[in-house]
Every structure is written in C-alpha cells, then in structure tokens.
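It should be emphasised that the depicted structure is a prediction, and the values quoted were computed from it without experimental measurement. Values below: every heavy atom of this structure, side chains too, minus hydrogens, waters and symmetry copies. Both ligands and their constituent atoms are indexed starting at 1 by order of listing.
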Amino acid sequence: MKALRIRGYNAAPVIEDVDIPEIGPSEVLVRVTATSLNPLDVKMQLGYMDAFFPVSFPYILGTDLAGTIERTGSRATHWRSGDEVIARVDPGSGGALAEFVIVPSDYLVRAPSSISLTDAAGLATGAGTAWQALHEMADLRPGQTVLVHAGAGGVGSFAIQLARSAGARVIATASGAGLDMVRRLGADQVIDYRNENFAEKVSDVDVVLDPIGGETQQASYGVLRTGGRLLATASPPDGALAKAHNVTATFVFHSSDASRLAKIVKRVDEGALKILVDSQVPLAGAVKAFEHQGSGRAKGKIIVSI
Ligand SMILES: NC(=O)c1ccc[n+]([C@@H]2O[C@H](COP(=O)([O-])OP(=O)(O)OC[C@H]3O[C@@H](n4cnc5c(N)ncnc54)[C@H](OP(=O)(O)O)[C@@H]3O)[C@@H](O)[C@H]2O)c1
C-alpha cells in the first residue's frame, strides 16, 4: 500500500510502498477513504510531541480518518467488513495517511450518513477538541458569551457551531476570507484580529477558547468576567495571570473518545454541524498540504483523499 512516512524527526514526509499491516484480535483494518490533517501531524513530524507521543520509525503520519472496514479481528465482533467508519488513532501509532490503517475496534464510530465519507474525515480531532473544551470542560450554558479565537481554524470552526447550538452568544476572531466564513458558521460578532484589538472590543466573556497562545492568550485573561474560564489548546495557560484576573485557565488535552465522536456524528446528521473544508488533495499532494497545515493559515480542514 502507499503511505506517507517519515524516517526520523524533521525528515521530509515521503510517499512509500509498504506492507499492509496485520491486525490483532481486537483490531480492525480500515481501507482509508480520506484523512484530515491537523497541526498535531506537523508537530509530530518535527518531533515536538516526543515527550507525549513517542514514535518508532519509519512512522506513518496521520490520526483522523474515514473509510470502510476491510477486515475485522476475531474479537472485533461489533463490526463487519464494508461498514463505513470514522476514527482518530493514537498519535503515537499514527498510520492514517495510508491506503490501510489498523484501528482498535473500540475507537471506531459509524460514519455520518448525510455527508460524504471524504468530508467525514475532517471531524475527529477538530470537532472532538471543541466538544471536549466547551461541553465537558466549560459546561457551556445558554445565554453565556464565548470568545472563539481562530474561528476559521480546524478547532474554532467547530467551536463556533457547537457554542451556537448550546445557546451561547459567540464572538470569533479571524482575518481576510475567514471573516465571512466565521459569520456563516454562526458567529454573532466577528473581530478582524489583524486590524482590531479584541481586548478593546470584548469584556465580561464567560468562556474563551484559545487555540493560539502567546500574546493572544495573554490578552484573553482580561476579557473574561470574574470566575470566567479560559481553555487553551496550543500552549499551557499562565496560572499566575489567571489568578490575578480571578479566572480559571485550563489546558485542553484532547483525548480520543468514541462516545463523544458518536455524539458529533449525530449533530452532523441532524444538520447542526458542518465541516469547513479548506482544501481537498490526493495523497500525491499530501506533502504540499502538510506545508499548508504547518503555515497556520488553513481555513477549516485540509482533507487528503486516499
Ligand atoms: N491540546 C490539544 O489536545 C489540541 C487539540 C487540537 C488542536 N490543538 C492545537 O490547537 C491549535 C489550533 O488547532 P487548529 O486545528 O484549529 O489549527 P489551524 O486550523 O491550523 O488554525 C488555523 C487558523 O488560525 C487562524 N489564526 C492564526 N493566528 C491567529 C490569531 N492570532 N488570531 C486569530 N486567528 C488566528 C488562521 O487565520 P488567518 O489565516 O486568518 O490568520 C487560520 O484560520 C494548534 O496549535 C493545535 O496543535 C491542540
């Protein structure tokens, strides 16, 4: 099979011919229809995540996938060959940027029926992280106000929609073409972060979702109400600053969770959650797509069709 592999940290990803992997009893072999990229894939390639997700080389990149079950292990009795599924494999295992991937059977979720399997590859990490942050950590309530930074990004584009569905008022930051995109996703107020200072335009926010870090995060503590909550996905929050502003600040460490992903699929099939697709490329274009993901300028999800 074809697979996008690296042979060491910081090595250029290369498409290579490799053997189709053998499954264990509780695993399933999925024929991959599409994979979506995440900034994590780039961080994995650079070796930045070695302390959290050590890998062995050669390493096949990719965690988020959609596809069709090819073969099931003897104990993976819940699934049948031909089932259409989505999943996120553990980053330490990787393997999704390939024609076939091994997935533990309890990681699999039935794919949405209302969208293409290719688009469904865009769901797992982006929507999963937004859901974990807003619903499981912030326990977002109707009437609350949420500031979503990077609203046109992979996490932010889902967070806007989930927050709106929860009955919250949504403020989103974006720039350029992203401004219209976040409006269409449901943001009530849009801030052009390149030309406006969000800290001067927003106050008394209940929840900030920060997928940026740095100066954006530093300025975000001050826009929260007393007792408000900052949730950071890119860099750990500053406990001292949080204390000084009387707010809570927590790092979101996204964990794969099939039951959460199933709730996300349900939302998609109800028409309440859409996938903002930045671009779709074939596996041959994955190296270039990888560079685009690394630029930090993606508008929504980059999908690689396998
Ligand atoms: N901790 C976890 O478990 C976890 C889970 C998921 C993601 N993450 C991390 O969260 C971060 C975001 O992930 P993602 O998938 O959303 O990334 P992404 O899709 O690459 O985000 C790109 C978007 O960020 C916007 N952006 C960049 N700088 C901005 C700024 N200063 N203000 C507002 N928007 C800005 C860009 O808009 P412009 O092009 O208009 O600048 C672009 O649309 C990454 O660092 C990722 O690794 C962590």
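- Close approach to Thr216 involves these atoms of ligand 1, each under 4.0 Å from a residue heavy atom: 31 (N).
- Of all atoms in ligand 1, numbered sequentially from 1 with element shown, those under 4.0 Å from a heavy atom of Ala152 are 43 (O).
- The N/O atoms of Thr129, backbone and side chain alike, include none that comes under 3.5 Å of an N/O atom in ligand 1.
- Just one residue in the list Asp139, Thr250, Thr248 forms a side-chain hydrogen bond (donor to acceptor under 3.5 Å, both in side chains) with Arg229, and that residue is Thr250.
- Set against the non-hydrogen atoms of Phe251, the atoms of ligand 1 under 4.0 Å away are 1 (N).
- Listed by number with element, the atoms of ligand 1 under 4.0 angstrom from any heavy atom of Phe253 are 3 (O).
- Contacts with ligand 1 closer than 4.0 Å are made by no heavy atom of Asn38, backbone or side chain.
- Close approach of ligand 1 to Ser175 (heavy-atom distance below 4.0 Å) involves ligand atoms 38 (P), 40 (O), 41 (O).
- Looking only at protein heavy atoms, the nearest one to atom 7 (C) of ligand 1 is Val155 CG2, 3.8 Å.
- Ring-centre distance between Tyr48 and Tyr9: not below the 6.0 Å cut-off.
- Between Glu16 and Arg5, at least one side-chain N (NZ, or NE/NH1/NH2) sits under 4.0 Å from a carboxylate O, which counts as a salt bridge.
- Proximity of Ile212 to Gln217: side-chain heavy atoms (C-beta onward) are nowhere separated by under 4.5 Å.
- No donor-acceptor contact under 3.5 angstrom links the side chains of Asn38 and Lys43, judged on distance only.
- When only non-hydrogen protein atoms are considered, atom 36 (C) of ligand 1 lies nearest to Gly296 O, 3.4 Å.
- The part of Lys43 lying near ligand 1 is the side chain, judged by heavy-atom distances below 4.0 Å.
- Closest heavy-atom approach to atom 31 (N) of ligand 1 among the candidates Tyr48, Tyr193, Phe52, Phe158: Tyr193.
- Near Ala298, with a cut-off below 4.0 Å to any heavy atom, the atoms of ligand 1 are 22 (C), 23 (C), 42 (C), 43 (O).
- At the top of the distance list for atom 2 (C) of ligand 1, counting protein heavy atoms only, stands Val252 O, 3.2 Å.
- Of the protein's non-hydrogen atoms, the one nearest atom 11 (C) of ligand 1 is Pro211 O, 3.2 Å.
- The contact set between ligand 1 and Gln293, taken as ligand atoms under 4.0 Å from a residue heavy atom, comprises 20 (O).
- A salt bridge is defined here as a Lys NZ or Arg NE, NH1 or NH2 lying under 4.0 Å from an Asp or Glu carboxylate O, and Asp83 with Arg80 fails to meet this definition.
- Looking at Ile212 next to ligand 1, no N or O pair under 3.5 Å apart turns up.
- Taking the six-membered ring for Trp and the full ring otherwise, His149 and Tyr193 have centroids separated by 6.0 Å or more.
- A salt bridge between Glu27 and Arg75 is absent, with no side-chain N of the basic residue lying under 4.0 Å from a carboxylate O of the acidic one.
- Contacts between Arg297 and ligand 1 below 4.0 angstrom, taking non-hydrogen atoms only, involve backbone and side chain alike.
- For atom 15 (O) of ligand 1, the choice among Ala150, Pro39, Gly153, Ala174 with the nearest heavy atom turns out to be Pro39.
- When side chains are defined from C-beta on, Leu276 counts as touching Met181, because their heavy atoms get closer than 4.5 Å.
- Atom 3 (O) of ligand 1 has its closest protein heavy atom at His254 N, 2.6 Å.
- Residue Gly154 approaches ligand 1 through these ligand atoms, each under 4.0 Å from one of its heavy atoms: 14 (P), 15 (O), 16 (O), 18 (P), 19 (O).
- Under a 4.0 Å N-O distance rule, the pair Arg31/Glu99 does not qualify as a salt bridge.
- In this structure, Arg164 pairs ionically with Asp188, as a charged nitrogen and a carboxylate oxygen lie closer than 4.0 Å.
- A side-chain donor-acceptor contact under 3.5 Å links Thr125 and Arg88.
- Polar contact with ligand 1: present for Lys299 (N/O pair, distance under 3.5 Å).
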If you look only at distance, which donor and acceptor atoms sit under 3.5 Å apart when one is on a side chain in residues 152-162 and the other is two or more places apart or in another chain?
| from | atom 1 | to | atom 2 | distance (Å) |
| --- | --- | --- | --- | --- |
| Ser157 | OG | Gly153 | O | 2.7 |
| Ser157 | OG | Gly154 | O | 3.4 |
| Gln161 | OE1 | Lys274 | N | 2.6 |
| Gln161 | NE2 | Ser157 | O | 3.0 |
| Gln161 | NE2 | Lys274 | O | 2.9 |

